[in-house]
Amino acid sequence: MTRRLLLVNGPNLNLLGVRDPAVYGTSTLADVEQIATDAAAEAGFEVRSIQSNHEGVLIDAIHAAREDCVGVIINPGGLTHTSVALRDALTGISLPFAEVHISDVNNREEFRRFSYLHDVAAVRIIGEGVDGYATAVARLAALIP
């Protein structure tokens, strides 16, 4: 069986490299996907990537992951702070997942400090920039037999 990870990037992450480079840097979503793919290959995994600005699309992709993935890496973007449905999708598929945030959400606006995923994520990577995706892949891969 192929050891595959689902990489999920939520709303507005398609604007990486353009949106607020002082906070998110100048790397693009394609760069992020390549970073995750390279880190996964090094650990013996492959990656399937999805980005959407629509919560239901992300939830459908997470549900589908239970068919052919062994874990999930997710940067839920603004859904981090608002989506019980995303939390339910992730806990419902019974796969370990890593929550990633490019910026240090703990040192930003008050509303960004709360995550609906914080207590159910197997791995949390916050504030490492786009390199945090590689860290998330490595730490998640280490948990998967």
Side-chain angles (χ1 to χ4, degrees), residues 1-83 85-108 112-113 115-145:
M1 179 175 145
T2 301
R3 292 168 25 117
R4 181 176 299 121
L5 302 172
L6 177 65
L7 174 63
V8 178
N9 280 288
N12 300 309
L13 289 162
N14 57 305
L15 296 178
L16 283 175
V18 176
R19 178 180 171 228
D20 205 351
V23 173
Y24 301 107
T26 57
S27 296
T28 65
L29 180 60
D31 296 331
V32 163
E33 291 173 349
Q34 191 62 59
I35 288 166
T37 298
D38 292 347
E42 189 173 308
F45 293 82
E46 66 179 43
V47 171
R48 180 172 64 235
S49 299
I50 182 170
Q51 185 282 323
S52 182
N53 295 315
H54 304 283
E55 184 176 31
V57 171
L58 299 175
I59 290 169
D60 288 343
I62 291 166
H63 288 176
R66 65 190 167 161
E67 300 298 325
D68 65 349
C69 294
V70 294
V72 177
I73 297 106
I74 182 167
N75 182 338
L79 295 174
T80 303
H81 326 291
T82 63
S83 183
L86 196 59
R87 176 193 169 102
D88 289 348
L90 287 161
T91 58
I93 62 169
S94 299
L95 295 176
F97 73 93
E99 177 185 3
V100 179
H101 298 284
I102 295 168
S103 68
D104 184 351
V105 291
N106 295 316
N107 288 319
R108 295 188 59 200
R112 292 189 195 273
R113 297 177 189 166
S115 166
Y116 274 103
L117 306 180
H118 81 279
D119 62 329
V120 291
V123 173
R124 292 188 81 214
I125 306 298
I126 298 170
E128 290 188 16
V130 296
D131 292 334
Y133 285 85
T135 304
V137 167
R139 287 189 48 203
L140 186 63
L143 299 175
I144 298 170

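We count residues from 1, following the sequence as given.
Here the side chains of His101 and Asn75 are in contact, with some heavy-atom distance below 4.5 Å. Between Gln34 and Val130, every side-chain heavy-atom pair lies at or beyond the 4.5 Å cut-off. In this structure, Leu140 and Phe45 have side chains that are not in contact, with every pair of non-hydrogen atoms separated by 4.5 Å or more. At a threshold of 4.5 Å between non-hydrogen side-chain atoms, the residues Leu6 and Leu95 do not count as touching. The shortest side-chain heavy-atom distance between Thr80 and Glu99 falls under the 4.5 Å cut-off. Taking 4.5 Å as the limit, every side-chain heavy atom of Val8 sits out of range of all side-chain heavy atoms of Phe97. Side-chain contact check for Ser115 versus Arg124: some heavy-atom pair is nearer than 4.5 Å.
If you take CG on Asn12 and CG on Leu29, they are separated by 11.5 Å, rounding to the nearest 0.5 Å. Taking CD1 of Ile74 as the reference point, atom CG of Leu90 lies at 5.0 Å (rounded to 0.5 Å). One finds the CG atom of Asp88 at 11.0 Å from the CD1 atom of Ile62 (value rounded to the nearest 0.5 Å).
Closest of all the heavy-atom pairs between Arg48 and Cys69 is NH2-SG, 3.5 Å. Closest non-hydrogen pair, Ala43 versus Ala141, comes out as CB-CB, 3.8 Å. The shortest non-hydrogen separation linking Arg87 to Val120 is NH2-CG1, 3.4 Å. Listed here is the closest heavy atom pair of Leu86 and Ser83: N-OG, 2.8 Å. The shortest non-hydrogen separation linking Arg139 to Ile125 is NH1-CD1, 3.2 Å. Summarising the geometry of His63 relative to Ala89, their closest heavy-atom pair is NE2-CB, 3.8 Å, with the distance given to 0.1 Å.
Using modelled atom types, one side-chain atom of Asp31 and one backbone atom of Thr28 make a donor-acceptor pair closer than 3.5 Å. Between the Arg19 side chain and the Leu13 main chain, no donor and acceptor come within less than 3.5 Å of each other.
Contacts of Glu46 classified as side chain to side chain contact (heavy atoms under 4.5 Å, CB included), with partners at least two apart in sequence or in another chain: Thr2, Arg4. The ring pair (Phe, Tyr, Trp, His ring centres under 6.0 Å) search around Tyr116 returns Phe114, not counting sequence neighbours. Partners of Ser52 by side chain to side chain contact (heavy atoms under 4.5 Å, CB included), not counting sequence neighbours, listed by chain and number: His54, Val57, Leu58. By the side chain to side chain contact (heavy atoms under 4.5 Å, CB included) test, Ser49 pairs with Leu7, Glu33, Val47, sequence neighbours left out. With sequence neighbours excluded, no residue forms a side chain to side chain donor-acceptor pair (under 3.5 Å) with Arg66. Thr82 is linked by a side chain to side chain contact (heavy atoms under 4.5 Å, CB included) to Leu79, counting only residues two or more places apart in sequence or in another chain.
None of Leu143, Ile73, Thr135 except one satisfies the side-chain contact (heavy atoms from CB on, under 4.5 Å) rule with Val123; the exception is Leu143.
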Using the rule given for side-chain contact (heavy atoms from CB on, under 4.5 Å), can you reason through Ile126 versus His118, listing the C-alpha separation, both sets of side-chain angles and the distance that settles it, and then say yes or no? CA-CA 11 Å; Ile126 298 170; His118 81 279; over 6 Å; no
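Counting only N and O atoms by type, the side chains of Glu55 and Asn53 include no donor and acceptor under 3.5 Å apart. Side-chain contact check for Asn9 and Tyr133: at least one donor-acceptor pair (N or O, by modelled atom type) lies under 3.5 Å.
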